[in-house]
Amino acid sequence: MEYDAVVLVSFGGPEGPDDVLPFLQNVTRGRGVPPQRLAEVAEHYQHFGGVSPINQQCRDLLAAVRADFAANGLDLPVYWGNRNWHPMLADTVAQLRDDGVRRALAFVTSAFGGYSSCRQYQEDITAARAAVGPDAPVIEKLRQFWDHPGFVEPHVDAVRTALAQLDPARRDSTRLVFTAHSIPVSAADSAGPHGGRYTAQLAETARLVHAAAAPDLPYDLVWQSRSGPPHVPWLEPDINDHLAALAGQGVTGVVVSPIGFVSDHLEVVWDLDTEALDTAKQLGLDFVRAGTPGIDPRFVTMVRELVRERIDPDGVALRRRLGELPIWDTCATVCCVPPRRPS
């Protein structure tokens with residue numbers, strides 16, 4: 001199959017104080033998020049001048065991927081479009097059309113399966129193409145990459161670096177804590193055609209990073225950044241509750257690794273570097289947050305490898321992975337549809 005371009009598709013974020021509320025309204029439209037929660041999250045952004053780190057991180061990744069493609073003979077232009085803020089995906093699709101692109105691949109800045117992390121991006125692409133009209137290019141999403149070495153290995157090194165900052169004399173009372181964005185339990189149960197894909201993939205990533213970084217230490221997978229109505233069950237435990245539980249068990253230090261994220265955007269710098277760090281201080285826990293892949297060269301190389309998997313007729317031979325869960329050849333919409341319920 002021949003393709004004319006690659007599109008970096010991401011979440012988007014505000015780039016000034018006046019952007020914050022319209023951005024959050026885009027994010028939460030139709031989800032029944034209480035107004036007080038919107039106001040609370042808006043304050044998180046205002047703490048950083050109303051600017052989310054994510055757009056600059058996307059610009060950095062875009063530049064790195066373009067340079068990597070050029071250095072490795074992959075002659076495809078790379079565009080960028082967001083789900084919730086400028087550059088909006090529909091505008092990017094219009095630009096693709098105007099530039100003569102007929103078929104493109106989409107790299108989404110989420111490694112995992114599930115509704116908001118995969119299927120909703122498929123819906124965003126479909127809606128953007130519909131907005132552009134019948135001349136819109138075909139856009140196919142690249143596969144999920146939760147166990148690709150280019151995603152896992154930067155997390156491994158980040159955990160090792162973080163552990164080196166804790167007192168080695170207290171290693172026996174140190175614990176690894178992996179985090180990812182919490183989602184409603186119903187969404188977790190319905191992720192993928194057989195259910196449970198989001199949590200299963202995250203558990204696999206945690207296992208891989210732990211085994212390579214610090215197999216002698218105990219570890220947990222917990223959740224962060226809950227945003228839904230309080231009466232709706234979400235994945236638990238929350239990172240802050242878990243830190244309190246660990247302190248009660250005699251743990252003296254934690255390395256928190258946000259394996260659910262590809263870069264240090266707001267859910268990392270606020271929910272972990274601000275709120276969870278403050279919780280740890282109150283509990284007397286030593287706390288170090290491990291980094292995310294960002295523009296690590298291995299992560300950038302991974303993008304190129306995922307593209308080559310799809311454009312090379314023998315792409316199966318190029319596939320690299322570390323885990324044991326089944327791999328899905330493509331990310332067609334069927335890969336993240338909810339499981340069928342008995343009638």
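Being a predicted model, the structure only gives us computed values, none of them experimental. Along the sequence shown, the residues carry numbers beginning at 1.
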When rounded to the nearest 0.5 angstrom, what is the spacing between OG1 in Thr109 and CG in Leu61?
8.0 Å
Under a single-linkage definition using a 4.5 Å side-chain heavy-atom cutoff for Ile, Leu, Val, Met, Phe, Trp and Tyr, are Leu166 and Val251 assigned to the same hydrophobic cluster?
no
For Val93 and Ala136 the tightest heavy-atom approach is CG1-CB, 4.0 Å
Hydrophobic cluster membership, Leu221 vs Leu208, 4.5 Å side-chain cutoff
yes
If every non-hydrogen atom of Gln201 is compared with every non-hydrogen atom of Ala111, which pair is closest and at what distance?
OE1-O, 4.5 Å
Does the side chain of Glu267 pick up a donor-acceptor pair with the side chain of Ser225 at under 3.5 Å?
no
Qualifying ring-ring contact (aromatic ring centres under 6.0 Å, His included) pairs, either residue in residues 245-286, two or more places apart:
His44-Trp270, His47-Trp270, Phe261-His265
Do the non-hydrogen side-chain atoms of Asp238 and Asn240 ever get within less than 4.5 Å of each other?
yes
To check you understand the geometry: which heavy-atom pair defines the closest contact between Arg320 and Arg143, and what is its length?
O-NH2, 3.3 Å
Using the rule that two of Ile, Leu, Val, Met, Phe, Trp, Tyr join whenever any of their side-chain heavy atoms come within less than 4.5 Å, decide whether Leu89 and Leu24 are in one cluster.
yes
Give the intermediate values and the outcome of salt bridge (Lys or Arg N to Asp or Glu O under 4.0 Å) for residues Arg289 and Asp273.
CA-CA 7 Å; Arg289 198 265 295 171; Asp273 296 353; 2.8 Å; yes
Does a side-chain heavy-atom distance below 4.5 Å link Val51 with Tyr45?
no
Mind checking whether Trp234 and His181 have parallel, tilted or perpendicular rings, split at 30° and 60°?
tilted
Would you verify whether the NZ or CZ of Arg197 falls within 45 degrees of the ring axis of Phe112 while also being under 6.0 Å from that six-membered ring's centre?
no
So, does Arg310 use its side chain to make a donor-acceptor pair with the main chain of Lys141 at under 3.5 Å?
yes
Ion pair Asp278/Lys281, N-O distance below 4.0 Å:
no
Tell me, do Leu176 and His210 make a side-chain contact under 4.5 Å, heavy atoms counted?
yes
Is there a path of hydrophobic side-chain contacts, each under 4.5 Å between heavy atoms of I, L, V, M, F, W or Y residues, that connects Val159 with Val152?
yes
Quick one: CG on Asp264 to OG1 on Thr292, what's the gap to the nearest 0.5 Å?
3.5 Å
For Met302 and Leu306, what are the C-alpha separation, side-chain angles and deciding distance, and is it a side-chain contact (heavy atoms from CB on, under 4.5 Å)?
CA-CA 6 Å; Met302 181 197 75; Leu306 293 177; 4.1 Å; yes
Mind listing the closest non-hydrogen atom pair of Gly113 and Ser117 along with its distance?
O-OG, 3.0 Å
Please report the interatomic distance CG(Leu272) to CG(Leu277), rounded to the nearest 0.5 Å.
9.5 Å
Run through Leu8, Val9, Val6, Asp99 and flag the one making a side-chain contact (heavy atoms from CB on, under 4.5 Å) with Tyr79.
Asp99
Just how far is it from atom OG of Ser10 to atom CD1 of Ile54, taken to the nearest 0.5 Å?
3.5 Å
Evaluation steps, side-chain contact (heavy atoms from CB on, under 4.5 Å), between Asp286 and Arg170
CA-CA 10 Å; Asp286 293 332; Arg170 300 208 288 181; 2.5 Å; yes
Where do Thr174 and Leu217 come nearest, in terms of heavy atoms and distance?
O-CD2, 3.8 Å
Contact check, side chains of Phe11 and Val27, non-hydrogen atoms, under 4.5 Å
yes
Value for CD1 (Ile125) from CD (Gln120), rounded to nearest 0.5 Å, stands at 11.5 Å
So, do Tyr198 and Tyr115 have ring centers that fall under 6.0 Å from each other?
no
To the nearest 0.5 Å, atom CZ of Arg83 lies from atom CG of Asp124 at 4.5 Å
Above 12 or not: heavy atoms from other molecules or residues under 6.0 Å from CG of Asp98?
yes
Kindly indicate whether the side chain of Asp296, heavy atoms from C-beta on, has any atom under 4.5 Å from the side chain of Val300.
no
Do His148 and Glu305 have side-chain atoms, one donor and one acceptor, less than 3.5 Å apart?
yes
Determine, step by step, whether Leu74 and Asn72 satisfy the side-chain contact (heavy atoms from CB on, under 4.5 Å) criterion, reporting the C-alpha distance in whole Å, the side-chain angles of both residues, the deciding distance to 0.1 Å, and the verdict.
CA-CA 6 Å; Leu74 187 54; Asn72 290 278; 5.5 Å; no
Under 4.5 Å between side-chain heavy atoms, counting indirect links through other Ile/Leu/Val/Met/Phe/Trp/Tyr residues: same cluster for Leu246 and Phe178 or not?
no
Salt bridge or not for Arg102 and Asp4, using N-O below 4.0 Å?
no
Under-4.0 Å salt bridge between Arg226 and Glu275:
no
Apply side-chain contact (heavy atoms from CB on, under 4.5 Å) to Trp80 and Val7, showing your working.
CA-CA 5 Å; Trp80 169 35; Val7 186; over 6 Å; no
What I'd like to find out is whether the side chain of Asn84 reaches to under 4.5 Å of the side chain of Asn82, using heavy atoms alone.
no
Looking at Asp68 and Arg304, is any side-chain nitrogen of the basic one under 4.0 Å from a carboxylate oxygen of the acidic one?
yes
With a 4.0 Å cut-off on N to O distance, would you call Asp220 and Arg175 a salt bridge?
yes
Could you check whether any side-chain heavy atom of Phe299 comes within less than 4.5 Å of a side-chain heavy atom of Phe145, counting everything from C-beta outward?
yes
Can you confirm whether Gln46 sits close enough to Val20 that some side-chain heavy atom of one is under 4.5 Å from a side-chain heavy atom of the other?
yes
What is the minimum heavy-atom distance between Thr199 and Leu235, and which atoms define it?
CG2-CD1, 3.8 Å
